[in-house]
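A quick write-up on the structure given underneath.
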Amino acid sequence: MFKDYPLIKESKKTVTQFYPHIPKNHIRALKKVFSTRWIGQGPLVDKLEIIFSKKFTNNLPSVAVGSGTDALHLAYILSGIKKGDEVICPLFTCTATNIPLLYIGAKIKFADVDPKTMNIDIESVKKLVTKKTKAIVFVNYGGLPCNLDELNKIAKKRKIKLIQDAAQSLGATYKKQPITKFSDFTIFSFQAIKQITSGDGGMLVLKDKKNLKKARRIRWFGIDRLAKQGGTWENDIKEIGYKYQMTDMGASLLLESIKEFKNIWKHRRKIFNVYKNNLKNNKRIYIVDEDGNFEHSNWLFTIILKEKDYLQKKLRKFGVETNQVHFRNDRYSIFKKFVKNKTFKNMNNIENHYLVLPIHTKMKIVDAVRISKLINKVIN
Ligand SMILES: *Cc1c(COP(=O)(O)O)cnc(C)c1O
């Protein structure tokens, strides 16, 4: 069912699907780190958390971690999710969203996809809510925020925790406000192909400051690091923690990338708009787009079309790499036990028809123009 599309060779004539963004001053930034005693988690991680909160969360507290997946695991623990608890999750997402729930042994209730936005389908979520629902996890697919008002309405009624996987939506806004305002926990990823990167890294954002101390402790074995640096034995470990910290090496790259974020955003937005403006009159193509209230972060540009396979192959021939990026999670054996006798109508309809076009800072605006023209030529 899924065709095999190996990665293309890089050359001047090809456009890859993704490319990491390396900040201009990366060497200088790393050199500085290597001239100090802190290369693991040190003062730059603290600095990054403060700057990140100022810039992206309206000062909600941020906790830097080793990956987006780490942040998700910590968010699930802090939400109080325990073995056997019901958690409503998106069927269509990066598997990293759902895998940490398997660490805990939670009972995953998959919600169908909304074929217009590729986000979690609100009606499907409503049907899955029971007295036992502990949390709702949702992902802003490609960078497009979910209907955060609706999700809050559902959660409020039954005191359900909301966990927002914003791994792809750094810089997205909802009704002109930072998306972090609308969930108990929000996570970001700085994995290699995300808007900004530390190689691997992540951020956990907390709506309630009360969780901050525990979040920091379980990021680091369960140890209160500051107290421990006091050098006494009075620092018992009372809860199991992990080794989920970020390093100062990674933080130094992110601090540089944040300085460039406006330009990164603008470049990605330009590419996004070139695709949009060139493809919007093509009646055979549906564009997954923002509206006035849900502002996209331009991480993925996704189209839905009948002839997905045909287009993907044609673009390959012209050196353009496109992919589906994520697949429905019920295809994976590890999730099979949660989907017995279940059907997901919307997902069934679109699973072979969505395709993601390249966006990254390495490609040029003219590349996007060329790709759009190619698409209009092939699909008309
Ligand atoms: C990238 C990504 C993650 C995982 O982040 P890592 O930093 O790779 O652990 C989780 N969810 C979504 C939606 C992602 O795109």
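In what follows, every heavy atom counts, from backbone to side chain, and hydrogens, waters and symmetry copies are set aside. Note that ligands are numbered from 1 as they come in the structure, with each ligand's atoms numbered from 1 the same way. Positions are given from 1, in the same order as the sequence printed here.
For an aromatic pair to be called close, the ring centres must be under 6.0 Å apart, and Phe110 with Phe335 satisfies this. The distance between the ring centers of Phe92 and Phe344 does not fall below 6.0 angstrom. Side-chain rings of Tyr76 and Tyr103 stay apart, their centers remaining 6.0 Å or farther from each other.
A side-chain N or O of Ser169 and one of Asn140 form a donor-acceptor pair less than 3.5 Å apart.
Here the shortest heavy-atom distance to atom 15 (O) of ligand 1, taken over Gln168, Gln191, Met203, His326, belongs to Gln168. Nearest residue to atom 7 (O) of ligand 1 from Ala71, Ala96, Ser189 is Ser189 (criterion: closest heavy atom).
Residue Ala167 touches ligand 1 through its side chain alone, judged by heavy-atom distances below 4.0 Å.
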message = With side-chain contact (heavy atoms from CB on, under 4.5 Å) as the criterion, how do Gln312 and Asn323 come out once you've worked through the C-alpha distance, each side chain's angles and the decisive distance to 0.1 Å?
response = CA-CA 8 Å; Gln312 192 172 10; Asn323 267 306; 4.2 Å; yes
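When hydrogens are left out, the protein atom nearest atom 11 (N) of ligand 1 is Asp165 OD2, 2.7 Å; that is the closest non-hydrogen contact. Taking atom 9 (O) of ligand 1 as the reference point, the nearest protein heavy-atom neighbour is Thr69 OG1, 2.5 Å.
At a 3.5 angstrom cut-off on N or O pairs, Gly68 counts as close to ligand 1. Checking only distances, Trp299 never comes within under 3.5 Å of ligand 1, N or O to N or O. Taking only nitrogen or oxygen atoms, main chain and side chain alike, Asp70 does not reach within less than 3.5 Å of ligand 1.
Between Ile218 and the options Leu74, Val63, Ile240, a side chain to side chain contact (heavy atoms under 4.5 Å, CB included) holds for only Leu74.
Contact annotation: Gly201 has at least one heavy atom less than 4.0 Å from an atom of ligand 1.
Between Tyr242 and Tyr244, the ring-plane angle classifies as parallel under the 30° and 60° cut-offs.
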